[in-house]
Amino acid sequence: MGKACFLVCLAILLANAETLVGRALLAQKTCPPPGFSSAQPFNLLSFIDGPWYVQKQVTTTYTPENFLYCVRANYIPIAGPGDLSKGVFVNNYSNKDRVNGMAATTSKSQGGLQLYATVPNATVPSQLQVGPYFGDNGVTTAVSSVSIKMSGQAANYWVVATDSSSSDPLFAGYEWAIITTRPPTIPSGDGCRTGSADGGIADVAQRGFWWFTRQQEAPAAALEALRKKSLELGLDIGVLEDVKQEGCDYSGAP
Ligand SMILES: *[C@@H]1O[C@H](CO)[C@@H](O)[C@H](O)[C@H]1NC(C)=O
Ligand SMILES: *[C@@H]1O[C@H](CO)[C@@H](O)[C@H](O)[C@H]1NC(C)=O
């Protein structure tokens, strides 16, 4: 009897253990999430139609904790309205320590290091690369090699989701967007995150995840849509921090 129980019980124990192991394996994340890609179809001209206000983001080298005030990005076509062939100026803006505090910007006309973005592969306009702009020398597609020299990595900028599709006949422009630096490769929280696994300087330099809205103060529905879509994409939203937008005065922002 004891021996029978021993065998049967062992079998039951093993079966349970197997289920537990099975569950653990199932719960184990695959990063990047299978099928993770950028938004398609995507209309870059509509995307840069106006400034984007950052509602949440992961802190980065250039946007540490004390710069999460009044963060905004404004993209201006270098070759003038409608021509994206030379890329777009990237005018980032944020305030230090408080709403309307000292301004940090990537606009050269305001003393910053001018950045610009290009689309390396025209068939995938939602995958951009951002790098420093050294004047109109005709080499405006060299973003990635410059960035690689500077940081060891091309500074990727992927629009991974937007509120609507630019192929929708009722499309009237984008209201929200999710941006990441690249597919998130590191298991984190309930999903995956961008950056590098070492958790050090390289990690902070390489990670990037932003919630953009067209309106300075995001409607609750847009925030809910951003949350829902981020989870659906397999992104860990636990890494995001709030950006203060209330009361920000952007009248002097590039
Ligand atoms: C500017 O902001 C974009 C996202 O809005 C980001 O991809 C880029 O790395 C930022 N660069 C700097 C220097 O702030
Ligand atoms: C551009 O992207 C398309 C679609 O992903 C791909 O098939 C093509 O190989 C890419 N071209 C280059 C030059 O990488």
Side-chain angles (χ1 to χ4, degrees), residues 35-42 44 47-76 87-96 102-108 110-134 141-148 150-162 174 176-184 194-196 201-214 216 218 226 239-241 243 245 250 253-254:
F36 189 96
S37 191
S38 60
Q40 208 156 8
F42 176 74
L44 185 55
F47 183 77
I48 63 164
D49 200 25
W52 283 106
Y53 297 90
V54 179
Q55 303 300 333
K56 285 179 188 281
Q57 68 169 93
V58 55
T59 54
T60 64
T61 323
Y62 39 82
T63 328
E65 203 84 36
N66 63 328
F67 276 88
L68 297 179
Y69 300 91
C70 310
V71 184
R72 180 175 109 152
N74 200 15
Y75 307 111
I76 313 287
V88 295
F89 286 128
V90 173
N91 292 334
N92 290 354
Y93 179 89
S94 62
N95 287 166
K96 189 173 178 224
M102 191 197 84
T105 162
T106 61
S107 163
K108 192 180 175 202
Q110 298 198 355
L113 170 68
Q114 186 66 60
L115 296 179
Y116 80 120
T118 58
V119 174
N121 183 339
T123 62
V124 199
S126 51
Q127 295 180 12
L128 297 100
Q129 288 186 342
V130 180
Y133 181 77
F134 296 120
T141 48
V143 169
S144 94
S145 56
V146 171
S147 296
I148 286 165
M150 289 185 63
S151 68
Q153 290 261 355
N156 291 333
Y157 174 117
W158 281 25
V159 183
V160 293
T162 54
Y174 298 115
W176 59 256
I178 300 170
I179 316 296
T180 65
T181 37
R182 54 174 67 76
T194 57
S196 72
I201 289 288
D203 181 33
V204 184
Q206 287 163 25
R207 68 194 180 194
F209 175 20
W210 294 266
W211 283 7
F212 280 12
T213 61
R214 215 43 121 177
Q216 182 180 338
L226 283 158
V239 299
L240 291 171
E241 300 197 37
V243 173
Q245 290 291 350
Y250 287 101

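Just so you know, ligand 1 is whichever comes first in the structure, and atom 1 is the first atom listed for that ligand. Just so we're clear, the structure is a prediction, and the values are computed from it rather than from any experiment.
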- Query: Which ligand 1 atoms are under 4.0 Å away from a heavy-atom of F212?
  - Reply: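 Once the distances to F212 are compared, the set is 5 (O).
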
- Taking only heavy atoms of Y75 into account, list the atoms of ligand 1 that are under 4.0 Å away from them.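 Numbered from 1, ligand 1 contributes 5 (O).
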
- Could you tell me whether W210 approaches ligand 1 through its side chain, its backbone, both or neither, with non-hydrogen atoms closer than 4.0 Å?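 For W210, only side-chain atoms sit under 4.0 Å from ligand 1.
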
- Task: Check each heavy atom of L115 against ligand 1 and say whether those closer than 4.0 Å belong to the side chain, the backbone, both or neither.
- Result: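 The side chain, only.
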
For residues [X] and [Y], establish whether the separation of their ring centroids is below 6.0 Å.
X	Y	value
Y133	F89	yes
F47	W52	yes
F42	Y174	yes

- Flag side-chain contact, heavy atom, 4.5 Å: L240 against F209: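 With C-beta onward as the side chain, the pair touches.
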
Ignoring hydrogens and angles, tell me if any N or O in the side chain of [X] forms a donor-acceptor pair with the backbone of [Y] under 3.5 Å.
X	Y	answer
T180	V159	no
S94	C70	no
Q216	R72	no

- Message: Can a side-chain donor-acceptor contact be found between Q127 and S38 if the only test is distance below 3.5 angstrom?
- Response: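 Side-chain D/A pair, S38 to Q127: present.
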
- Task: For ligand 1, find out whether one of its N or O atoms is nearer than 3.5 Å to an N or O atom of N92.
- Result: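 Yes, at least one N or O pair falls under 3.5 Å.
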
- Message: Does ligand 1 come near enough to T63 that some N or O of the ligand is less than 3.5 Å from an N or O of the residue?
- Response: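 No; the residue has no nitrogen or oxygen that sits under 3.5 Å from a nitrogen or oxygen of the ligand.
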
- List, ordered by chain and residue number, the protein residues whose closest non-hydrogen atom lies under 4.0 Å from any atom of ligand 2.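 Lining ligand 2 at under 4.0 Å, by heavy atoms, one finds N121, T123, V124.
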
- Task: Return the orientation label for the Y157 and W210 ring planes: parallel under 30°, perpendicular over 60°, tilted otherwise.
- Result: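 Correct class here is parallel.
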
